[in-house]
Colleague: 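A single structure is presented below for examination.
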Number of protein chains: 2
Amino acid sequence: MTDQNGAVSVEQIVEKVWLSIAERRLRPGVQLKEEQMAAIFNVSRARIRQALATLQRDGLVMIIPNRGAFVSKPSVEEARDVFFVRRTVERCVVERLCKGISKADTKRLREHVAKERIANADDITTDIIKLSGGFHLLLAETTGSDFLFATMRDLIARSSLITAVYRNTNRFNCGPDEHAEIVEAIVTNDVDKATRLMAHHLEHVESELDLTEIRDLSHDLRAALA
Amino acid sequence: MTDQNGAVSVEQIVEKVWLSIAERRLRPGVQLKEEQMAAIFNVSRARIRQALATLQRDGLVMIIPNRGAFVSKPSVEEARDVFFVRRTVERCVVERLCKGISKADTKRLREHVAKERIANADDITTDIIKLSGGFHLLLAETTGSDFLFATMRDLIARSSLITAVYRNTNRFNCGPDEHAEIVEAIVTNDVDKATRLMAHHLEHVESELDLTEIRDLSHDLRAALA
DNA sequence: TCATTCCATATTGTTGACAATTCTGCAATC
DNA sequence: GATTGCAGAATTGTCAACAATATGGAATGA
């Protein structure tokens, strides 16, 4: 949590908030007050502001001038959008990877899936959330394309928020088994199978969301009427 | 340039730098010193830092801790990546728009193309650059998808930088004629034609870049050797 | 002559205080 | 009883000074 100097870095603050949102401990609409957060993390407000700006970039919080930062409240349309774009972008990712993947990358992917299995077996929610998003991020990183990676970073962050808001079931079925299948299809350069599995996987994840109604987990009247 | 109080907003600083990069007046590798910029815009360093953070998010500058902010130097691979992703994302955009577009949106698109024609006729470089990127951005905005819009915003910003670095010709052939054709294909709901025209248009833009060699427009020895 | 060390300078990073804005509770008014 | 106006409190926005770090060149020694 702290580095050599006992201070918390911006990245650590961002990750902490990100996880709190993904774990539903921070609900959409809640205001993230700077001074309050500065006290919690024991850093100056400037660093908190920097973290909030990053979280805004990632679409997790919404900053209103002179009002403050609030946990984002994605609409059903936005949720569908994110999955729509994910389908196309992740298809690109898989197609690229099927053109050939190094031994080292294969190893990294398999090891990641192994970690996911362990987290699932031990039922450690924090790890499950981090690793299941991390898998898709790792795929993008493996393509070697900085831009694909950056795009997926955005998509995964927003997906976490959407999952937190609209998830129906309590279990995370974006599980290691489907991930493992995708990896194996990629290492055998089977483009058709890999893209089909990825498409199916994303449909599966989306199907576990209830995207029929607007969920309002907050009690902020102002936001509800805006 | 200035608001009521005579101060320059963060957004204005970002746009100014963005344009300077697109117009090749700020070259890749050049360091953007905070104090220097604060003096130029007559604001405090804090505001400059905020603007630099935004520019980093857009991929236009690279911030190295304890070293400073430098105008990004996209590699040939990164350049190809951006156009690769643009082809898929803009295809999505066009497909969506072909499903139906309102009268008001049609009007906005046609008016935008008209503005582009005027800028081209009058040969106002600043307007040409802003409007030709703005066209693609307007298409994304018209889909109504916040995420598609945000993604295109990123892509256009990076494309501007890439064009500035790797452009061969002096003329901007991302001209209004091809844009006009795309708009007309969209308003007639001709998906095949619209996607074909968009693909061709992007190929055209990319073809005017020289993506065979690493261009180093800067004179910063350290950066050149890094 | 070349490599290395050290110090002065320049630049970024951080902090706490102050200014501007917004929110909240209460009282006065219709 | 509901609404408006106002003052105090809470919160965000801005700034300028200070601390930490990196840079570049001179001095030193092989």
Colleague: Picking from dT15(C), dT12(D), dA22(D), which would you name as closest to the side chain of Lys33(A)?
Modeller: dT12(D)

Colleague: Shortest non-hydrogen contact from Val61(A) to Leu52(A)?
Modeller: CG2-O, 3.6 Å

Colleague: Mind calculating the distance between CG (Asn66(B)) and P (dA20(D)) to the nearest angstrom?
Modeller: 12 Å

Colleague: For Val89(B) and Met152(B), work out which heavy atoms get closest and say how close.
Modeller: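 It is CG1-SD, 3.9 Å.
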
Colleague: CG of Leu52(A) versus P of dG13(D): gap in Å, rounded?
Modeller: 10 Å

Colleague: Within the structure, does a side-chain N or O atom of Arg67(B) lie under 4.0 Å from either OP1 or OP2 of dT23(D)?
Modeller: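 Affirmative; the distance criterion is met.
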
Colleague: Send over the distance from Asn42(B) CG to dA16(D) P, rounded to a whole Å.
Modeller: 10 Å

Colleague: So, the side chain of Ser72(A) versus the backbone of Pro74(A): is there a donor-acceptor pair under 3.5 Å, distance only?
Modeller: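 Judged by distance alone, no pair lies under 3.5 Å.
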
Colleague: Out of His136(B), Glu206(B), Glu90(B), which one pairs with His201(B) under the side chain to side chain donor-acceptor pair (under 3.5 Å) rule?
Modeller: His136(B)

Colleague: Take the protein atom CD of Glu35(A) and the nucleotide atom P of dT21(C), then report the distance between them rounded to whole Å.
Modeller: 19 Å

Colleague: Just the rounded figure in Å: distance from P of dT11(C) to CD1 of Ile48(B).
Modeller: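 About 15 Å, once rounded to whole Å.
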
Colleague: May I ask you to verify if any side-chain N or O of Arg47(A) is less than 4.0 angstrom from the OP1 or OP2 atom of dT14(C)?
Modeller: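 Yes, because at least one side-chain N or O of Arg47(A) sits under 4.0 Å from OP1 or OP2 of dT14(C).
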
Colleague: Is it true that, when you exclude Arg91(B) itself, more than 12 heavy atoms of the residues, nucleotides or ligands shown sit nearer than 6.0 Å to its CZ?
Modeller: no

Colleague: Nearest whole angstrom, please: distance from the P of dC15(D) to the CD of Glu34(B).
Modeller: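 Going from Glu34(B) (CD) to dC15(D) (P), I get 14 Å.
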
Colleague: Output yes when at least one side-chain N/O atom of Gln31(A) is less than 4.0 Å from OP1 or OP2 of dT12(D), else no.
Modeller: yes

Colleague: Quick one: which of dC15(D), dT14(D), dT12(C) gets closest to the side chain of Ser44(B)?
Modeller: dC15(D)

Colleague: Find the distance Arg45(A):CZ to dC18(C):P and express it as a whole number of Å.
Modeller: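 Arg45(A) atom CZ is separated from dC18(C) atom P by 14 Å.
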
Colleague: Are Arg49(A) and dT12(D) close enough that a side-chain N or O sits under 4.0 Å from OP1 or OP2?
Modeller: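 The answer is no; no side-chain N or O of Arg49(A) sits under 4.0 Å from OP1 or OP2.
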
Colleague: Side chain of Gln50(A), heavy atoms from C-beta onward: which of dC15(D), dT15(C), dT14(C) has the nearest atom to it?
Modeller: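 Of the options given, the side chain of Gln50(A) lies nearest dT14(C).
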
Colleague: Quickly work out the Ile64(B) CD1 to dT12(C) P distance and round it to whole Å.
Modeller: 12 Å

